[in-house]
Amino acid sequence: MVKYYAASHLRVERSVVDDPIVHGICTAVSTFVARVEERGRPVVWSDARNAAAALRWRLLTEPLAGAEGISVALGVLRTEVHRLAERVDQGVLEELRRLVTAAGRLEDAEDQLGDSIAAATVNTHGSVCVVSVGVSARQAFQRQLSARLPSVAFVSPRQFLNGPVWRRAIVAGISSWFADELFTAPRCVELVLVHHAWLRDRSVVSGLFATAGGSGIELPLPAQRTSSRVYETIRPPAETVDWSGVEPVGGKPQDDDPSDDVPAHLVALAGGYGFYLDVDADTIRGVDPAAAAGHWVRQLPASELDVGSIVLLRKGISERDTLLPRVSAVLGDDEAVVREQQDLWKCALRHHLEAGKLPAIRRALDRPRLTLTYARYWAGRNCISPRQPTFGRLLEYLETKDVEACLSAARKLHSAHLKAGQQLVKELGDSVDEAVIRRMDTEDTVTLSVGSGSGSLQITLFKVIAVSPETTTVPASALRTALQLRGAEWLA
């Protein structure tokens, strides 16, 4: 606590940038993107839509002078106008032409964002830093302003939170783009938000030291200037996320047994949650609003998981644990014997792996590319598909006394998991109706009560807000579990 200034002592100011040229371009981008979204985001418009969104984001977060990213995005848009001429919806194409025409005025525009940040650093007695929301923005400000502001440091949000206490911090952007800790556990005496005037921001920031019974510290922010302009809420694109600071509350899942650890991607969900999706995943249970009525719940291709996708998960409970009661019901009196047979060969496999016998296992199975991670996954607590002849050869290599009994037990367990999954999908299908689909148009999460009696459970429909391109290794038991995240609040 000693290293933080109290939030109540922080002096927060707001400096808005009223730039009519950039405003006109951003409005044209919003109109064009909205028209593409109305048509279900067709693939033919993907390049133009992504370039337009990138152009808007760079205009809002980077200085104009010499901004390479702005030139690249504008070049893509001009190319798309020629490529799509006479081939697509002319109404949307006309919006794209208006956008390119508006962007042509950039040659006459002044760097008002950079000038406003430089102006916010004057008349300050003490250290000053500029905090930017992304790596490219920070590098652009450093490249364009470091000569004018030689004593000013340019830092990331994470560097700011973990660094020294500054006299003044210039935050380039609105508060919604940053974690609450930037304001409620400030590392400065004075803080100035510098952003374009038409961006809609919060009036209060809260969250530090929050408990189940309260929202924690609340910090009121200076009011925004009122005008006739249309205010917009712009979310940062996923590629700007600093994933190094995003993790589950309590840290990354770990356990004492690395035998079933697997590589996975962290997926950020609406409502402050996230989950780990294994790299080798084929599908994930979710909702497809475009499907026919009654068929909304289905297995979504994991490779197509993207911003806006809807997944079905339980908060704090893995998909495997969700199925366990149903698996037990399907197995009935056979469960104890089936589990015992599984433990026999899995325990033997773990011993062989710990003894460094992976090369011998590869030769026995004729699987030269079998990795230690995947072999440990077999030896873990997960149910694997007992495919022949590989599984049979594995049992023979492990010198299992009764190969047929183990094979039979594995088939029963795998079949029970499939039946349990089918039961859950049916129950979910009965719970997801037109009213739920309509709610997902305006809400980012919807929690449903599925099943009845002792088999009832709570499952939540989450919208995906970002997918990490990086991989990390986590226990298989932590996969597909909705965990509370910290560090990604500004995405929601």
Side-chain angles (χ1 to χ4, degrees), residues 7 10 12-38 49 52-64 95 99 102 109 112-114 116-117 120 130-134 137 157 169-184 186 191-207 215 218-241 268 270-272 307-308 440-445 463 465-466 487-492:
L10 174 65
V12 183
E13 304 173 22
R14 193 187 293 274
S15 174
V16 296
V17 180
D18 202 350
D19 190 329
I21 292 179
V22 172
H23 185 203
I25 298 170
C26 289
T27 300
V29 169
S30 297
T31 302
F32 168 66
V33 169
R35 293 290 293 272
V36 175
E37 298 288 337
E38 287 172 1
R49 182 200 172 280
L55 174 65
R56 177 176 59 188
W57 179 248
R58 290 184 178 276
L59 289 174
L60 295 176
T61 59
E62 298 180 15
L64 295 183
E95 296 295 349
L99 166 56
Q112 295 195 31
L113 179 61
S116 296
I117 287 176
V130 174
V131 186
S132 303
V133 72
I170 316 300
V171 177
I174 55 177
S175 69
S176 303
W177 292 346
F178 299 89
D180 290 346
E181 288 87 340
L182 200 83
F183 308 94
T184 56
L191 188 146
V192 185
L193 284 166
V194 179
H195 61 82
H196 290 82
W198 59 90
L199 291 176
R200 183 187 290 117
D201 197 11
R202 299 176 288 184
S203 59
V204 175
V205 175
S206 62
S215 58
E218 289 194 347
L219 175 68
L221 297 176
Q224 293 180 258
R225 190 190 333 171
T226 329
S227 72
S228 58
R229 66 171 55 87
V230 177
Y231 282 84
E232 285 194 275
T233 301
I234 304 296
R235 290 182 178 177
E239 57 268 21
T240 68
V241 179
V307 178
M440 292 304 298
D441 288 336
T442 56
E443 301 177 38
D444 290 333
T445 65
K463 280 187 180 177
I465 57 176
E489 297 87 349
W490 54 280
L491 281 171

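Numbers for residues simply follow the sequence, beginning at 1.
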Fill in: Reported CH2-to-CG distance for the pair Trp177 and Leu60, which is rounded to 0.5 angstrom
5.0 Å
Worksheet item: Which heavy atom of Ser15 sits nearest a heavy atom of Val192, and at what distance?
Response: CB-CG1, 4.1 Å
Worksheet item: Between Arg14 and Leu221, does a side-chain contact (heavy atoms from CB on, under 4.5 Å) hold up when you go through it step by step?
Response: CA-CA 8 Å; Arg14 193 187 293 274; Leu221 297 176; 3.7 Å; yes
Worksheet entry | Nearest atoms (heavy-atom pairs only) where Arg56 meets Ser30 | NH1-OG, 2.9 Å
Fill in: Contacts of Pro220 that satisfy side-chain contact (heavy atoms from CB on, under 4.5 Å) - sequence neighbours left out
none
Discussion item. If I compare all heavy atoms of Ala52 with all of Val33, which pair ends up nearest, and what's the gap?
Written reply: CB-CG2, 4.4 Å
Discussion item. Could you measure the distance from the CD atom of Gln112 to the CD1 atom of Ile21? Nearest 0.5 Å is fine.
Written reply: 8.0 Å
Worksheet item: Rounded to the nearest 0.5 Å, how far apart are CG of Leu199 and OG of Ser176?
Response: 9.5 Å
Item to complete: Over all heavy atoms of both residues, which pair between Ser132 and Pro157 is shortest? Give the atoms and the distance, please.
Response: O-CD, 3.2 Å
Worksheet item: Rounded to the nearest 0.5 Å, what separation is found between the OG atom of Ser175 and the CG atom of Leu193?
Response: 6.0 Å
Practice prompt. Mind telling me whether Phe183 and Phe178 have parallel, tilted or perpendicular rings, with 30° and 60° as the class edges?
Written response: perpendicular
Worksheet item: What closest approach, in Å, do Ile25 and Leu99 show between heavy atoms, and which atom pair accounts for it?
Response: O-CD1, 3.8 Å
Worksheet item: How many angstroms lie between CG in Leu59 and CG in Leu64, if you round to the nearest 0.5 Å?
Response: 6.5 Å
Worksheet, complete the sentence: Rounded to the nearest 0.5 Å, the NE2 atom of His195 sits from the CD1 atom of Ile117 at a distance of 11.5 Å
Item to complete: Quick one: do Glu443 and Lys463 satisfy salt bridge (charged side-chain N to carboxylate O under 4.0 Å, His left out)? Show the steps, please.
Response: CA-CA 9 Å; Glu443 301 177 38; Lys463 280 187 180 177; over 6 Å; no
